[in-house]
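So the structure is just underneath, and the comments pick up after that.
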Amino acid sequence: MKINRHYLRLKESYLFSGIAKKIKEYSVKNPDRKIIRLGIGDVTLPLSRSVTDAMREAVSEMSSAETFRGYGEEQGYEFLRQAICGYYGKKGVTLSNDEVFVSDGAKSDLGNILDIFAKDNTVLIPDPVYPVYVDTNIMAGRQIVYMNGNADNGFLPMPDKNTKADIIYLCSPNNPTGAVYSKNQLEEWVCYALAKDAVILFDNAYEAFVRDEDLPSSIYQIDGAKKCAVEIGSLSKTAGFTGTRCGYTVVPQELIREGTALNSLWLRRQTTKFNGVPYIIQRGAEAVFTDEGQRQTREQVDYYLQNADIIAKTLTKLGIWHTGGQNSPYIWLRCPGGMSSWEFFDYLLKTANVAGTPGAGFGANGEGFFRLSAFGNKADVIQAMENFAQGLTGG
């Protein structure tokens, strides 16, 4: 018996597990201090009334023999896939039901989608980046090439025609930086992928935060994208499903490589390894896409965007460079005083009782930067920013 030795190349612990451990240790030593957590991107508002009403009704259905549901379709119930297609239709994107696959969240699919690709593919990943992109490819033993995101390019790296890549990860709005690609920039990425015969894995988990109508909220709003891109969405941040787990992946029928439709490969993979999202959860997810569900979830997203604005305005007032905070729930700032990202983590925790996320945890280019999340209670965010300002200015 041999283990998968690629796992030994991973960091000792997942980024957010390490952060949680440090916060716990600090809390044990300082039990009288309330830690305001602006690090992990977990939501704090409850599920909307539309969602919970739909779930209650689904629970009632499960208690009757006439309406009970057992195994569902691995691809997702048709009622939800149709609702997702309708949501895309409002963006000007036409999808068929068989191009949508319901899952238990974007994180799962971002890792699982790799099953349908050869292990000798070269993967192009931005730095800084959401750790799952890197870790899942290290686990598989793939070669990774990094593209540099930095302050000069607004943490939105663009393609280099001299770089050969087979699989490309893009995330917009970006986690961790909060930066958002423009239409022209995504057009350049689509042209690059088509020219290289590559596939873009487009992480679209934060699309609901895009309020600027000039910014794309789906890569399929770009001509030609259906021939080169898989889009992975999530209801975790859009509708608060972090604890109930539901997302979706779109694999267009036009996406063909080596004479094979990737849609058929992904369907085969899902029917073999996945039994689907529970019926009750899918009924709740369906409610998200109703008119009332959209109104209620938009109110929640607006709440988090207001938090982001509070954070961004505080940083501007303090003269701290940052990006994000608009069209995104994340704010990416340069650590003041030349501190490293982990030094600033400890400093902020001790002086302001605020926990964020060190940029170094997102890659080499994240060193010297720091991520704050707007997924908190507004009163806590206001207090955190007051503590933050007092801690930096000594006032």
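What's counted below: heavy atoms across the whole structure, side chains too, no hydrogens, waters or symmetry copies.
Test Leu333, Leu372, Ile382 against Ile311 for side chain to side chain contact (heavy atoms under 4.5 Å, CB included) and you get one pass: Leu372.
Within the 4.5 Å cutoff, the side chain of Lys313 has heavy atoms near those of the Asp309 side chain.
For Glu231, the side-chain hydrogen bond (donor to acceptor under 3.5 Å, both in side chains) test picks out Tyr88, Asn204, Ser218, with sequence neighbours left out. Here Asn97 pairs with Glu78, Arg81, Gln82, Cys85 under the side-chain contact (heavy atoms from CB on, under 4.5 Å) rule; sequence neighbours left out. Partners of Glu74 according to the salt bridge (charged side-chain N to carboxylate O under 4.0 Å, His left out) rule, which considers only residues two or more places apart in sequence or in another chain, do not exist here. Here Lys29 pairs with nothing under the salt bridge (charged side-chain N to carboxylate O under 4.0 Å, His left out) rule; sequence neighbours left out. With sequence neighbours left out, the side-chain hydrogen bond (donor to acceptor under 3.5 Å, both in side chains) criterion links Arg269 to Asn112, Asp115. Remark: Arg371 engages no residue in a salt bridge (charged side-chain N to carboxylate O under 4.0 Å, His left out) (not counting sequence neighbours). In this structure Ser234 satisfies the side-chain hydrogen bond (donor to acceptor under 3.5 Å, both in side chains) test together with Ser236, sequence neighbours excluded. Qualifying salt bridge (charged side-chain N to carboxylate O under 4.0 Å, His left out) partners for Arg298, counting only residues two or more places apart in sequence or in other chains: none.
For the pair Arg69 and Tyr77, the cation-pi test (distance below 6.0 Å, angle within 45°) is passed. Cation-pi geometry between Arg257 and Phe117 is not met at under 6.0 angstrom from the ring centre and within 45 degrees of the axis.
Ser64 and Glu66 are linked by a side-chain donor-acceptor pair at a separation below 3.5 angstrom, with hydrogens and angles left out of the test. Side-chain atoms of Ser96 and Asp98 include a donor-acceptor pair closer than 3.5 Å. Side-chain N/O atoms of Ser103 and Asp109 include a donor and acceptor closer than 3.5 Å. For Ser60 and Arg56, the side-chain atoms include no donor-acceptor pair closer than 3.5 Å.
Put simply, CD1 on Ile35 and NZ on Lys24 are 14.5 Å apart, with the number rounded to the nearest 0.5 Å. Here OH of Tyr130 is found 7.5 Å from CG of Asp203. Values are rounded to the nearest 0.5 Å. The structure places NZ of Lys237 at 12.5 Å from CD of Glu207, a figure rounded to the nearest 0.5 Å. With rounding to the nearest 0.5 Å, the separation of CG in Leu124 from NZ in Lys164 is 10.5 Å. If you take CG on Asp223 and CG on Leu186, they are separated by 12.0 Å, rounding to the nearest 0.5 Å.
The hydrophobic cluster of Tyr71 has no other members, since no ILVMFWY side-chain heavy atom comes under 4.5 Å of it. When hydrophobic side chains of Ile, Leu, Val, Met, Phe, Trp and Tyr are connected at separations under 4.5 Å, Val210 ends up clustered with Val180, Leu215. By the 4.5 Å side-chain criterion applied to Ile, Leu, Val, Met, Phe, Trp and Tyr, Ile3 is assigned to a cluster that also includes Met1, Leu8.
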Given side-chain hydrogen bond (donor to acceptor under 3.5 Å, both in side chains), test Gln383 with Asn387 step by step and report yes or no.
-> CA-CA 6 Å; Gln383 184 62 60; Asn387 293 355; 2.8 Å; yes
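When all heavy atoms are compared, the tightest approach of Gly240 to Val43 is CA-CG2, 3.8 Å. Counting all heavy atoms, side chain and backbone alike, Glu99 lies closest to Gln253 at OE2-N, 2.8 Å. Pairing each heavy atom of Met147 with each of Trp189, the nearest pair is SD-CH2, 3.3 Å. Smallest separation of non-hydrogen atoms from Gln221 and Pro216: OE1-CA, 3.2 Å.
Aromatic ring centres of Phe370 and Trp332 lie farther apart than the 6.0 Å criterion allows. Ring to ring, Phe155 and Phe369 are close: their centroids are under 6.0 angstrom apart. Between Tyr206 and Tyr330, the distance separating the two ring centers is shorter than 6.0 angstrom.
Between Tyr347 and Phe344, the two ring planes are parallel [angle under 30°; tilted spans 30° to 60°].
Using modelled atom types, one side-chain atom of Asp166 and one backbone atom of Thr122 make a donor-acceptor pair closer than 3.5 Å.
Sorted by first and then second residue, the ring-ring contact (aromatic ring centres under 6.0 Å, His included) pairs involving residues 209-236 (not counting sequence neighbours) are Phe209-Phe375.
Taking hydrophobic clusters as Ile, Leu, Val, Met, Phe, Trp and Tyr residues chained together by side-chain heavy-atom distances below 4.5 Å, Phe202 shares a cluster with Val190.
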